[in-house]
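In this text the structure is predicted, and so the values were computed from the model without any measurement.
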Amino acid sequence: YQSLSLHLIFFSSTHTLTRFPKFLFTYASHQEPAMVDTQSFRLTGKPDIIKIPLANVNGQNIVYWEDIQEFFPGVKYVNNGEVAITKMRGSNQKRIVPNCIKHCPNVVLEVVLSPTSTPIPGFEGTVIHNLNGLQDQGDTTQKIVKEVWELAKQMNDRSILIQSKTEAILTQNYELLEYTIPRLFIVYLA
């Protein structure tokens, strides 16, 4: 929604407004702040509401868990009344990384903090926040580690096979040079 305003400013030599002396038209474009889709949150039992901007991923409005943690350090989970809002999962039933929840339009979601959560300011708080994010990515990391471990094992087995074949070739080569028994007889008829 934009409105265009037209301002008519009149100047005269005495700097007073007159009927039609020298004039100047100025156009000013006034733009209302863009409406941002948000999800409303509040701490359980508190009246203050915080609106967190949504992200649109593949046509689905979501709220990133990291954004919720930014406004509510120590968040344990989010409720819609008595129903817990779970983090979104992909088609493989694994949690989507980065973690996020679905948008619940026209609802104020309640944030429940961990019982021992006390916001830690500064560097320590940032480190703990990042470690918590890594913990959520543990399943993915474990899967990658298992795949790397299996590939390393296959490479080790193949290198052992190559080494044994190389030793066999070297042994054959050595045996051929070591034995001086003639293998080719030439007979001359005189």
Side-chain angles (χ1 to χ4, degrees), residues 36-39 41 43 50 52-80 83-104 109-190:
V36 176
D37 290 332
T38 60
Q39 177 66 60
F41 292 90
L43 280 175
I50 294 180
I52 298 178
L54 301 176
N56 189 303
V57 177
N58 297 328
Q60 171 111 24
N61 285 334
I62 63 167
V63 181
Y64 287 112
W65 191 256
E66 187 177 87
D67 293 344
I68 299 170
Q69 288 175 323
E70 185 177 324
F71 291 98
F72 301 99
V75 60
K76 186 174 183 182
Y77 58 92
V78 176
N79 282 342
N80 182 1
V83 178
I85 305 295
T86 60
K87 295 175 186 170
M88 291 181 63
R89 296 181 183 270
S91 58
N92 60 358
Q93 300 306 315
K94 301 264 184 193
R95 283 191 177 154
I96 296 173
V97 177
N99 291 328
C100 55
I101 62 171
K102 288 183 183 178
H103 169 56
C104 299
L109 300 177
E110 293 187 357
V111 175
V112 178
L113 299 178
S114 297
T116 58
S117 72
T118 54
I120 301 172
F123 178 73
E124 293 87 2
T126 304
V127 169
I128 290 172
H129 173 73
N130 289 339
L131 288 175
N132 287 338
L134 289 175
Q135 184 179 8
D136 290 339
Q137 297 175 5
D139 292 340
T140 306
T141 304
Q142 283 181 345
K143 182 180 176 184
I144 292 171
V145 167
K146 284 180 183 178
E147 289 176 6
V148 168
W149 180 259
E150 288 175 14
L151 288 173
K153 187 177 176 185
Q154 288 176 3
M155 284 179 39
N156 188 32
D157 292 344
R158 289 178 183 168
S159 67
I160 290 172
L161 180 66
I162 290 171
Q163 184 179 1
S164 66
K165 288 185 178 187
T166 304
E167 287 176 0
I169 291 172
L170 288 174
T171 303
Q172 286 177 353
N173 216 7
Y174 177 73
E175 287 176 352
L176 285 174
L177 292 174
E178 185 177 302
Y179 296 114
T180 56
I181 300 171
R183 298 201 191 308
L184 181 65
F185 293 99
I186 301 175
V187 178
Y188 287 105
L189 297 175

query: Distance from Ile62 atom CD1 to Leu54 atom CG, nearest 0.5 Å?
result: 9.0 Å

Rounded distance (nearest 0.5 Å) linking atom CG of Asn99 with atom OG1 of Thr86: 11.0 Å

task: Grab the two heavy atoms, one from Phe72 and one from Leu113, that are nearest each other, plus how far apart they are.
output: O-CD2, 4.2 Å

message: Does Phe41 form a side chain to side chain contact (heavy atoms under 4.5 Å, CB included) with Val63? I'd like the steps, not just the answer.
response: CA-CA 11 Å; Phe41 292 90; Val63 181; 4.1 Å; yes

- line: Heavy atoms of Pro98 and Tyr64 approach each other most closely as CG-CE2, 3.8 Å

Considering all heavy atoms, the nearest Gln39-Cys104 contact: OE1-N, 2.7 Å

Results of side chain to side chain donor-acceptor pair (under 3.5 Å) for Asn56 - residues two or more places apart only: Asn61

- prompt: Any side-chain heavy atom of Gln154 sitting closer than 4.5 Å to one from Leu151?
  reply: yes

query: Which of these passes side chain to side chain contact (heavy atoms under 4.5 Å, CB included) with Asn92: Arg95, Arg89, Lys94?
result: Lys94

message: Restricting to non-hydrogen atoms, name the atom on Ile68 and the atom on Ile52 that form the minimum distance, rounded to 0.1 Å.
response: CA-CD1, 3.9 Å

query: About how many Å separate CD1 of Ile50 and OG1 of Thr38, when rounded to the nearest 0.5 Å?
result: 12.0 Å

- line: Rounding to 0.5 Å, atoms CD1 (Ile160) and CD (Gln163) come to a distance of 7.5 Å

- request: Taking all non-hydrogen atoms of both residues into account, name the closest pair between Asn79 and Ala84 and its distance.
  value: OD1-CA, 3.4 Å

Over all atoms of both residues, closest heavy-atom pair of Trp65 and Tyr77: CH2-CA, 3.9 Å

